[in-house]
Amino acid sequence: MTAIEPEEQEDKPLDPAMENVRRKMVRLQLVSAGVMLMMLMAVLGAIVYKLTRTDGRAEAAQPALSVPGDAPVSAIAALPAGFSVSNVALSGSQLVFYGSLPGAEPRAIVFDIRAGRIVADVTVRTN
């Protein structure tokens, strides 16, 4: 192995060009560290935001119609005269009545309990 002489271990002053390069490198390193720290804070902020906010999916999981404790909800679905119901389905606060009028094509009538009215009348055709 080569022996390093003690005078080579001492820090010698750099020439002005190398000192300028060293200063630029230190400045670049500090700027880089600052940018990385800012990005880390942005990611942590996004994580905290996602964990603390309430989203619409939690509200969608709750029942769409709240029934009062003291009395039931009362509503009247005025179906067309002569409409014969073959099936009923419930989705949230909407009831769907499947059926038909005499001599007509099958229909699906959507009644919204919350609004208290028929919101859709769909004729069902088969091809």
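Throughout, numbering of the chain's residues begins at 1 and tracks the sequence.
Taking Ile, Leu, Val, Met, Phe, Trp and Tyr as members and joining any whose side-chain heavy atoms lie under 4.5 Å apart, directly or through other members, Met41 forms no hydrophobic cluster with any other residue. Side-chain contacts under 4.5 Å among hydrophobic residues (ILVMFWY), followed directly or transitively, place Leu40 together with Leu44. Cluster partners of Leu51, using a side-chain heavy-atom cutoff of under 4.5 Å among ILVMFWY residues and allowing indirect links, are Val43, Ile47. Grouping Ile, Leu, Val, Met, Phe, Trp and Tyr by side-chain contacts under 4.5 Å, direct or through others, leaves Leu28 on its own.
Contacts of Met25 classified as side-chain contact (heavy atoms from CB on, under 4.5 Å), with partners at least two apart in sequence or in another chain: Val21. Remark: Lys50 engages Arg53 in a side-chain contact (heavy atoms from CB on, under 4.5 Å) (not counting sequence neighbours). Applying the salt bridge (charged side-chain N to carboxylate O under 4.0 Å, His left out) criterion to Arg27, with sequence neighbours excluded, gives no partner residue. The side-chain contact (heavy atoms from CB on, under 4.5 Å) test applied to Ala115 returns Asp112, Arg117, not counting sequence neighbours. Gln29 is linked by a side-chain contact (heavy atoms from CB on, under 4.5 Å) to nothing, counting only residues two or more places apart in sequence or in another chain.
Placement of Ile113 and Ile118 within a single hydrophobic cluster is found when ILVMFWY residues are connected by side-chain heavy-atom separations under 4.5 Å, directly or transitively. Leu101 and Phe97 fall within a single hydrophobic cluster, where Ile, Leu, Val, Met, Phe, Trp and Tyr side chains are chained together by heavy-atom contacts under 4.5 Å.
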Side-chain donor-acceptor pairs of residues 103-110 under 3.5 Å, sequence neighbours excluded:
{"unit_1": "Glu105", "atom_1": "OE1", "unit_2": "Arg125", "atom_2": "NE", "d": "2.9"}
{"unit_1": "Arg107", "atom_1": "NE", "unit_2": "Asp121", "atom_2": "OD1", "d": "3.0"}
{"unit_1": "Arg107", "atom_1": "NH2", "unit_2": "Asp121", "atom_2": "OD1", "d": "3.1"}
{"unit_1": "Arg107", "atom_1": "NH2", "unit_2": "Asp121", "atom_2": "OD2", "d": "2.2"}

Got a list of side-chain donor-acceptor pairs under 3.5 Å for residues 79-90, not counting sequence neighbours?
{"unit_1": "Ser84", "atom_1": "OG", "unit_2": "Ser100", "atom_2": "O", "d": "3.2"}
{"unit_1": "Ser86", "atom_1": "OG", "unit_2": "Tyr98", "atom_2": "O", "d": "3.1"}

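Sorted by first and then second residue, the salt bridge (Lys or Arg N to Asp or Glu O under 4.0 Å) pairs involving residues 80-94 (not counting sequence neighbours) form an empty list.
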